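As structure tokens, the structure follows; a few thoughts come after it.
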Amino acid sequence: MSLMINKSYDEANKVWNIKLDGEVDIYTAGSLKDAFMKMLEENKENIKIDAEKLDYIDSTGLGVLIGVLKKLREEEKNIIILNIKPSIKKLLNITGLDKIFVVEG
Amino acid sequence: MSLMINKSYDEANKVWNIKLDGEVDIYTAGSLKDAFMKMLEENKENIKIDAEKLDYIDSTGLGVLIGVLKKLREEEKNIIILNIKPSIKKLLNITGLDKIFVVEG
Amino acid sequence: MNKKNKDLIKLSVPNKPEYVSVIRLTVTGIANRMGFDVEKIEDIKVAISEACTNAITHGICQEEENFYIDFSSDEEKLVISVYDNGKGCLSNNIKTPNLGELNEGGLGVFIIKSLMDDVEILPNNGKGTVIKMTKYVGDDM
Amino acid sequence: MNKKNKDLIKLSVPNKPEYVSVIRLTVTGIANRMGFDVEKIEDIKVAISEACTNAITHGICQEEENFYIDFSSDEEKLVISVYDNGKGCLSNNIKTPNLGELNEGGLGVFIIKSLMDDVEILPNNGKGTVIKMTKYVGDDM
Ligand SMILES: Nc1ncnc2c1ncn2[C@@H]1O[C@H](COP(=O)(O)OP(=O)(O)O)[C@@H](O)[C@H]1O
Ligand SMILES: Nc1ncnc2c1ncn2[C@@H]1O[C@H](COP(=O)(O)OP(=O)(O)O)[C@@H](O)[C@H]1O
């Protein structure tokens with residue numbers, strides 16, 4: 001019922017890999033935002049989110065992702081989301097965010 | 001959050017095998033009692049309960065087991081409980097029921 | 001519908017972010033017992049979280065206060081009402097989010113309206129807001 | 001202890017067996033957030049279920065009525081009170097179960113007292129019973 005964040009920078013491909021495990025809501029969104037901000041400070045590169053174990057996200061978490069994307073776009077970088085669960089896919093569809101992020105697999 | 005009951009009679013060894021999956025509480029205890037009563041009607045033999053997937057039981061469920069044991073004892077038969085979870089083991093210890101049922105593994 | 005078949009669960013919760021996940025667990029249990037399928041349970045979890053998040057962030061003025069959730073159920077539907085005693089400035093004139101602008105907020109009410117079958121936003125007797133949302137067990141909508 | 005650190009969650013639930021599992025989910029969420037370990041969470045789940053089962057089976061006279069649960073938490077402990085408006089014949093003179101007799105009932109209150117750190121059984125203002133039980137997050141007991 002909490003959120004675990006695992007991130008690593010892939011130097012060769014110049015891409016961030018971040019794995020989310022758990023739930024992103026009003027309680028955990030702050031720590032997610034902090035993690036992203038540190039990543040952007042270090043390397044403003046594409047961010048690949050492995051969402052296989054992301055059980056839940058709501059507008060609080062989507063807002064964090066939109067904020068990060070805004071910063072990435074300044075360098076023409078993007079957010080790529082992998083292995084997304086159907087319920088979260090549905091939320092991206094409804095909000096139109098599936099056309100703003102790159103959603104794969 | 002419900003209870004699934006799987007039972008089969010082992011003719012060769014003259015023993016009932018019953019698998020419990022889920023939770024036994026005031027809501028589900030009735031269906032467990034019904035299942036046991038049918039079993040006893042068919043064959044009043046030892047009952048082996050596989051509790052590997054039994055997540056939860058409370059006094060309502062323990063009361064059902066005690067009632068069944070009472071009937072089995074008339075024929076000097078018993079209840080054997082296998083693969084029990086630590087939290088349920090603790091409950092049997094506290095109530096002393098671990099000395100009344102045969103608890104294995 | 002026979003009134004006798006209506007169950008009412010009431011919950012009062014501190015206006016703290018850590019309790020929204022507790023509310024999700026509670027509603028999961030209720031919806032599960034009612035026979036909602038997995039997809040609809042997820043819809044309900046998101047919608048109630050959005051309403052509670054709003055009650056916590058917009059709805060409450062005092063630092064330490066509780067807000068309230070009613071779950072009213074019968075065989076065909078679950079009606080969830082989230083009440084707060086806050087400033088109550090929420091109206092029905094929520095605009096559809098414009099994603100081109102990449103706004104970080106303003107998605108909550110839009111998501112609630114998309115996921116639930118019926119949504120009403122009402123003043124709570126002049127001292128706050130009620131978000132009342134209905135989901136049908138079957139495909140009534 | 002600073003009073004400000006106390007959170008109060010209130011739950012009102014119909015006196016129907018199917019809701020006891022919903023209450024277990026809710027308390028699991030609360031205890032989890034408070035940092036209880038898995039074993040203690042299981043203890044709390046069983047204890048609250050026993051108290052609610054009693055409220056449903058002994059505590060309530062009317063067919064259709066609700067009973068109430070308060071969860072009061074601070075950093076060191078969770079205090080759960082289960083109220084009913086029933087006949088209120090419960091006393092503290094609960095005898096220790098005699099297993100030799102293979103009685104099918106009479107284990108509930110004994111289990112609650114075994115699993116919780118502190119248990120009080122009180123009259124609910126003359127119209128029912130309150131079971132108030134405390135569990136400490138750490139090893140205070
Ligand atoms: N419970 C509430 N009380 C008062 N105002 C609210 C409430 N819920 C929402 N609002 C108002 O409605 C607006 C839209 O809410 P929402 O769509 O959830 O987006 P966000 O919360 O991100 O701004 C909020 O910005 C706020 O002004
Ligand atoms: N909420 C309650 N209201 C009134 N009487 C109660 C309540 N809870 C328990 N009791 C009384 O205490 C007795 C012991 O309860 P318990 O140990 O749970 O065993 P059981 O419920 O199986 O009888 C009950 O038989 C009942 O008479």
Side-chain angles (χ1 to χ4, degrees), chain C residues 1-36 38 41-42 44-45 48-49 52 55-56 60 62-75 78-85 137, chain D residues 1-36 38 41-42 44-45 48-49 52 55-56 60 62-75 78-85 137:
Chain C
M1 278 264 55
N2 188 338
K3 268 225 159 185
K4 284 258 157 158
N5 294 328
K6 222 174 211 159
D7 283 349
L8 182 62
I9 296 180
K10 284 170 156 290
L11 190 58
S12 158
V13 183
N15 63 334
K16 296 187 175 175
E18 61 254 48
Y19 289 115
V20 178
S21 67
V22 173
I23 296 161
R24 278 200 296 279
L25 273 181
T26 303
V27 83
T28 300
I30 296 170
N32 199 305
R33 274 280 171 259
M34 290 180 65
F36 279 102
V38 179
I41 293 178
E42 287 301 321
I44 296 168
K45 277 166 69 178
I48 197 172
S49 296
C52 293
I56 293 170
I60 294 171
Q62 270 78 6
E63 283 254 314
E64 306 265 326
E65 212 179 309
N66 276 29
F67 66 101
Y68 309 89
I69 308 158
D70 285 0
F71 306 86
S72 167
S73 64
D74 57 34
E75 284 128 50
L78 175 62
V79 183
I80 301 170
S81 305
V82 178
Y83 300 83
D84 64 65
N85 296 320
V137 179
Chain D
M1 281 263 53
N2 189 337
K3 267 226 159 185
K4 283 261 158 160
N5 293 329
K6 222 172 213 161
D7 283 350
L8 182 63
I9 297 180
K10 285 169 156 290
L11 190 57
S12 159
V13 183
N15 63 334
K16 295 187 177 176
E18 61 254 49
Y19 289 114
V20 178
S21 68
V22 173
I23 296 161
R24 278 201 296 280
L25 274 181
T26 304
V27 82
T28 300
I30 295 170
N32 199 306
R33 274 280 172 261
M34 290 179 65
F36 279 102
V38 179
I41 293 178
E42 287 301 321
I44 296 168
K45 277 167 69 179
I48 197 173
S49 297
C52 292
I56 293 169
I60 294 172
Q62 270 79 6
E63 284 255 312
E64 307 265 326
E65 212 179 306
N66 276 30
F67 66 101
Y68 308 91
I69 308 158
D70 286 1
F71 306 86
S72 167
S73 64
D74 57 34
E75 286 128 50
L78 175 61
V79 183
I80 301 170
S81 305
V82 179
Y83 301 82
D84 64 64
N85 296 320
V137 179

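Please read all numbers here as calculations on a predicted model, not as lab measurements. Order of the sequence lines fixes the chain letters, A, B, ..., with proteins taken first and strands second; residue numbering starts at 1 for each chain.
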Going by side chain to side chain contact (heavy atoms under 4.5 Å, CB included), C:Thr26 matches just one of D:Ile9, D:Val22, D:Leu25. Which one? D:Val22

Determine, stepwise, if the pair C:Leu11 / D:Lys10 fulfils side chain to side chain contact (heavy atoms under 4.5 Å, CB included). CA-CA 6 Å; C:Leu11 190 58; D:Lys10 285 169 156 290; over 6 Å; no

Listed partners of D:Glu18 passing salt bridge (charged side-chain N to carboxylate O under 4.0 Å, His left out), at least two apart: none

Which value, rounded to the nearest 0.5 Å, describes the distance between D:Ile30 atom CD1 and C:Tyr19 atom OH? 7.0 Å

The criterion is side chain to side chain donor-acceptor pair (under 3.5 Å); which residues satisfy it with C:Ser12, sequence neighbours excluded? C:Asn66

